[in-house]
Amino acid sequence: MTTSETLFTRAKFPDGTLRTVTVSGGRIAAISTDDVFGGSGQEVVDLGGRLILPGFVEGHIHLDTSFFGGKWISHKPCTDGFDVHERVAFQHQNMAIAEPMDVRARKQLELCIANGSTSMRSHVMVDGSVGLKSLETILKVREEYRDLIDIQLVAFPQSGILRSPGTPDLMDRAIGLGADLVGGLDPASFDRDVEGHLNVVFGIAEKRDVDVDIHLHDAGTLGVFTIEQICDRAVALGMQGRVAVSHAYGLGDIPQDAARRTAERLVRSGVSIMTNAPGAHNFPPVALLRAAGVTVFSGSDNIRDSWWPYGDGDMLGRAMTIGYRSGFYTDAELEAAFDVVTSAGASALRLEGYGLVKGAKADFVVLDAEHVPDAVVAVPKPRTVYKAGRLVAQNGKLV
Ligand SMILES: [Zn+2]
């Protein structure tokens, strides 16, 4: 008889109860508190009282530019303070000496999956310098890993849109080729034309009916001004819930009352905020934004690349970093940090069938922790990762 259902017994849920999760056809068919013993055609996996958590959501990563797993490439500081243009130039130099992109992307994906990410949004460079080559490579890699992780790809104009000839057309073609979202990059400081930049981004979004995720490093009121423009565009096109601003450092630079006003605008416009709580940098006030109702999600962003040498592809560790840098101490605050890398991420990415609930995709992580707050501060390993109810990674490696 073929196995049609799998019973995951003695799964400790975040509320401390031991339950049995029945998985059928890759989905959670039932969650029961009874001791269930497998019948015919049912495989039984005893989770032994370990904590079960929903698969982590890696909401912002760059699969095309990481050197993770390859030879070490030392970080080169900018000549005079931080300069996005110079960093992009360094990136081009580094890409020329790194391993082939597909090799690097696989290594980074395997790192993320082994750490428990079952869904991901990756920005892939699309501009006049690389054309659609990076996207073509990452699309192939995505296909190879389709049973292990769900991946959304963003057409990311790393060299700007207006400053890099041909980029608007390339971004549009990127969507036709298989990218899921249209991206953007610092409309004011990079392209020096907020209107012109957003015309292209939202023009493609409207034409192709795709979501938007814009990199915005601009600080202070310039960053906040741009956020307001993005909010207005989202409302004008009826794209509430389909637009994200990544980094949004400006929100961390302004006074709290101003941040609260912007937060209300973000909520009204249904624009979510991605932060990876980077070191030595102001970042959005996570608690303030969440209290206002803003969807705040997170990602590893850069891992061993031309921007910084940090990153480990561990979204549970990312929750710890967010909590640590936000001064989160109470259980409720630690649970909020966890929400950022799980449910809030799922909502920002508009993932279908997410969570440890009946009917959801059977994507989950099993590890040793008392409960969620303990998991966030301890960042325990080893982990066992299931995608659609199938074991995909164990002890830091794909199976
Ligand atoms: Zn990024």
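Atoms within a ligand are numbered from 1 in the order they appear, just like the ligands themselves.
With waters left out, the protein N, O or S atoms under 2.8 Å from the Zn ion (ligand 1) add up to 4.
For Arg163 and Phe190, the positive end sits near the middle of the six-membered ring, less than 6.0 Å away and at most 45° from its axis.
Classification of Arg318 and Asp314 as a salt-bridged pair fails, no side-chain N sitting under 4.0 Å from a carboxylate O. Under a 4.0 Å N-O distance rule, the pair Glu352/Arg27 qualifies as a salt bridge.
The number of heavy atoms from other shown groups lying within 6.0 Å of CG (Asp15) is above 12.
Residue pairs meeting the side chain to side chain donor-acceptor pair (under 3.5 Å) criterion with at least one partner in residues 360-373, sequence neighbours excluded, are Arg50-Asp368, Asp150-Lys361, Asp363-Lys387.
Residues Ile52 and Pro14 share a closest heavy-atom pair of O-CD, 3.8 Å.
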